[in-house]
Each structure stands twice: as C-alpha cells, then as structure tokens.
Amino acid sequence: MEMATEMARPASDAGTEGLTQADRVALLRYMLLMRSVESRAMTLYRQGKVPGSFYDGFGQEAVSVGAAYALAAEDRLCILHRDLGAHLVRGVAPARILGQYMGRAGGVTGGREGNVHFGDPEVGCVGMVSMLPDMMLVATGMAMAFKLRHEARCAITWFGDGSTSRGDFHEALNWAAVQKLPVIFVLENNQYAYSTPTDRQFAVNPVRRADAYGIHGESVDGNDVEAMFDAVRRARERAVDGGGPTLLEAVTMRMHGHAAHDDMRYVPPELLEEWAKRDPIDRQTARVAALDVDVDALRAEVDAQVETAVQEALAMPMPDPATATDGVFAEEAVPLGDGDAPWSGWSEAPR
Ligand SMILES: Cc1ncc(C[n+]2csc(CCOP(=O)(O)OP(=O)(O)O)c2C)c(N)n1
Ligand SMILES: [Mg+2]
C-alpha cells in the first residue's frame, strides 16, 4: 500500500504533462472569471444588493479551478465556500451565480438561499451543507455508490483547515480508506479558520494524518493552478484504478477576511504581503504570456463577460413568495447530471 506523504511539488514552467497551450490559457481564463465575478459581487454586497454576508476565494482561485479542470463529466462534486472556480469549470453561468448571491429567482437555488450554499445538480454538483465538513461524508457516500456499481468515476470535495479538527473529517477518511473508495479530499489550508491560525488548531500538519488512515497524502502548492491540476489528475487515476482515496493539502492563503464583514485585523500585514507575491493569477499570467498570448485582451474579454452577467442578474426578478415552500420535499428522485469537462485530455483520449 502506498502511504507516502510527499512535499508540495510545483508544476514545471516548461509545461505540465497533459496540458496543451489551450488548456493553460483556459486555466487562466477560469481563474480570471472567478476573480472578476467575486470582485463584482463584493461591490454588489457593498451596495446593499447581496443579503447576509459574502464569502470569496480571492487568492485561492487555483485550488478550485485546477482541481475541477482534471475531472471527467461523470465525476461528482461537493464544492465549498472558497471554490467558485469549480462551479465555473462545470459550466454554471456567471449570471446565475450573481443572481444566487442577490437571492434572485434566476439564481442557482431560485432565490431560496442568497449565499454560497448552492450546487447545480444538472452539472453534477451537490448543494453545500453549511455544517463543516459534512460534505466529506456526502462525497464519501457518492464514492461508495460508484464502487458498488463498478463505475469508473470519482467524487471530490474541498474543505478548510478548520474542518480537520471535526469528527466528520476522521470518519470520512477512515471509511473511505477501509473501503478504498474513489474519492478525492482537497484540504484547503489557507492558514486561518475564521480568526484562528493553524498553529492554534493542530500540533501536526493534518495531511500527515493520511498515513494514519492508510491512504495517500500529498501537499500541493495551492497557488499554482497547474500543480493543482496535476495532483488531482493523478489522484483521480488512483481513485478509478481502485487505489483508494487521496488527501491533498492545497497550501494557500486566505487573502480576504472570512467574509465581507470581517476586516481581518488579526492577520499580520507582512504575511499578506508575502503571499501577495505568490498570487496564482499573476503566476499563470506569466506562463501564458510567455506563450505569446495577449493576456490583457483575455482579461478585458472576461471582465466584459462578467459585466454583461451582472446586468443580466440585476434584471432577474425576486422569487415569487407563493413558491417559498416548493422543493422542501423531493417529489421524485432526479439523478445528478454530468457537467462540462473542458480539459483537452478528455476529448483527445477515447475513454
Ligand atoms: C460545524 C461548524 N461549525 C462552525 C461553522 C461556522 N463556520 C463557517 S466557515 C468557518 C471557518 C472555517 O474555516 P476553514 O475550515 O479553515 O475554512 P476557510 O473558511 O478558511 O476556507 C466557520 C467557523 C460551520 N459552518 N460548521
Ligand atoms: Mg481556513
């Protein structure tokens, strides 16, 4: 049994195995899209158009985009509050996401939830449960179903460093390990759980707990989108080949407050300055610009796309109060659908 807990390996700037030039540009495009959607949403929040609070993944775009990009259409996802990029890679339209934040009828949950607890079942995503990290158990359950049906597909979920001190984390890892389930656990270590730094959360790097459960654990540079892609591509292969689950620690930094209401005065400014130099979008921009791609034009195109989406979302009506109790109980079981799988590896290699 493989039980190596490896150190973070950055992807090579010469080109990551399996990625074409178009893939490398697409990875940048999805990260730009995530940042642009979230920065416009933050403005809408400050204008009083987003109820409650607003959570973003500024500086962590590589973790969700790189991981989701490695997935096949038939894989299934449990996406958390810092991982907007995964929704975008699966094909959820930015206007529906912005409508979601504003509680509009055209949002992903039809205005039932004006926040980050959403997932579009039509593209293989399960709506997020807020209790952390319950989605580890949901992903484990889906992986159990795939194994029982002998299906070559996997489930993935993301969760923060704060989740690793909860019982569900251990239960999910243990069961997935014992059953050798095709599931990928992405531990998003962004150095803080709300105001609690990691040195007050655990005395051992939680990725090392993979050894204790008998599964593969690996640290990845979470600010390198190609390294994230590569790690999840390998974890997926392991999962569908019967090699069992993987615990991936994506090492990153939460660059904004826990949510829009948090000024994070508890985070030392030097730490943020240090991490700003490792911005995942800047890093992928440098790679893509070296391929002679006009990154400024790409950025302008993405911003224009998001501006159109904002206008579309603002034009969406609020939900009809008469429909408030619709969907509380499922009338019929509708299976999750397949999502977009934009990686060229899926179109090039017959499966
Ligand atoms: C069981 C549980 N306790 C508390 C909360 C409230 N809560 C939501 S996010 C969060 C911090 C989570 O930190 P971490 O897991 O590191 O994820 P991050 O927000 O840093 O991405 C807390 C305490 C919750 N959702 N679930
Ligand atoms: Mg955290």
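Atoms within a ligand are numbered from 1 in the order they appear, just like the ligands themselves.
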Have a look at ligand 1 and work out which part of Y192, if any, has a heavy atom under 4.0 Å from it: side chain, backbone, both or neither.
backbone
Flag for S219-E249: side-chain donor and acceptor within less than 3.5 Å
yes
Mode of M131 contact toward ligand 1 - side chain, backbone, both, neither (heavy atoms, under 4.0 Å)
both
More than 12 heavy atoms of other residues, nucleotides or ligands under 6.0 Å from CD of E122: is that the case?
no
Salt bridge present between E301 and R29 (N-O < 4.0 angstrom)
yes
Between Q60 and N190, is there a side-chain donor-acceptor contact under 3.5 Å, judged purely by atom types and distance?
yes
With only distance considered, is S130 within less than 3.5 Å of ligand 1 through an N or O on each side?
yes
Distance check below 2.8 Å: does T198 bring an N, O or S atom to the Mg ion (ligand 2)?
no
Ligand 1 atoms in contact with S163 (distance to a heavy atom under 4.0 Å):
15 (O)
Please confirm whether W158 and F185 have ring centers closer than 6.0 angstrom.
no
Which bit of E188 gets closer than 4.0 Å to ligand 1, counting heavy atoms only: side chain, backbone, both or neither?
neither
Contact with ligand 1 for H81, non-hydrogen, under 4.0 angstrom
yes
How far is atom 17 (O) of ligand 1 from the closest protein heavy atom, and which atom is that?
G160 CA, 3.6 Å
Do NZ/NE/NH1/NH2 and the carboxylate oxygens of E188 and R254 come within less than 4.0 Å?
no
So is R82 actually on top of Y55's ring, under 6.0 Å and inside 45° of the axis?
no
Quick one: are the ring centres of F118 and H87 less than 6.0 Å apart?
yes
Between L132 and ligand 1, which part of the residue brings a heavy atom under 4.0 Å of the ligand: side chain, backbone, both or neither?
both
Classify the ring geometry of Y194 against H261: parallel below 30°, tilted from 30° to 60°, perpendicular beyond 60°.
tilted
Under 4.0 Å from atom 5 (C) of ligand 1, is there at least one protein heavy atom?
no
As an exercise, identify every atom of ligand 1 less than 4.0 angstrom from a heavy atom of N190.
18 (P), 20 (O), 21 (O)
Looking only at N/O atoms, are G162 and ligand 1 under 3.5 Å apart anywhere?
yes
Return a yes/no value: protein heavy atom under 4.0 Å from atom 10 (C) of ligand 1?
yes
Test item: protein heavy atom less than 4.0 Å from atom 19 (O) of ligand 1
yes
For atom 1 (C) of ligand 1, state whether the nearest protein heavy atom is under 4.0 Å away.
yes
Salt-bridge test for D279 and R35: reply yes if a basic N is under 4.0 Å from a carboxylate O, no otherwise.
yes
Taking atom types as modelled, find out whether D23 and T20 have a side-chain donor-acceptor pair closer than 3.5 angstrom.
yes
Where the Mg ion (ligand 2) is the centre, what is the OD1-to-OD1 angle for D161 and N190, rounded to 10°?
80°
Any idea which protein heavy atom is nearest atom 21 (O) of ligand 1, and the distance to it?
R82 NE, 3.0 Å
Purely on distance, is any nitrogen or oxygen of R166 under 3.5 Å from one on ligand 1?
no
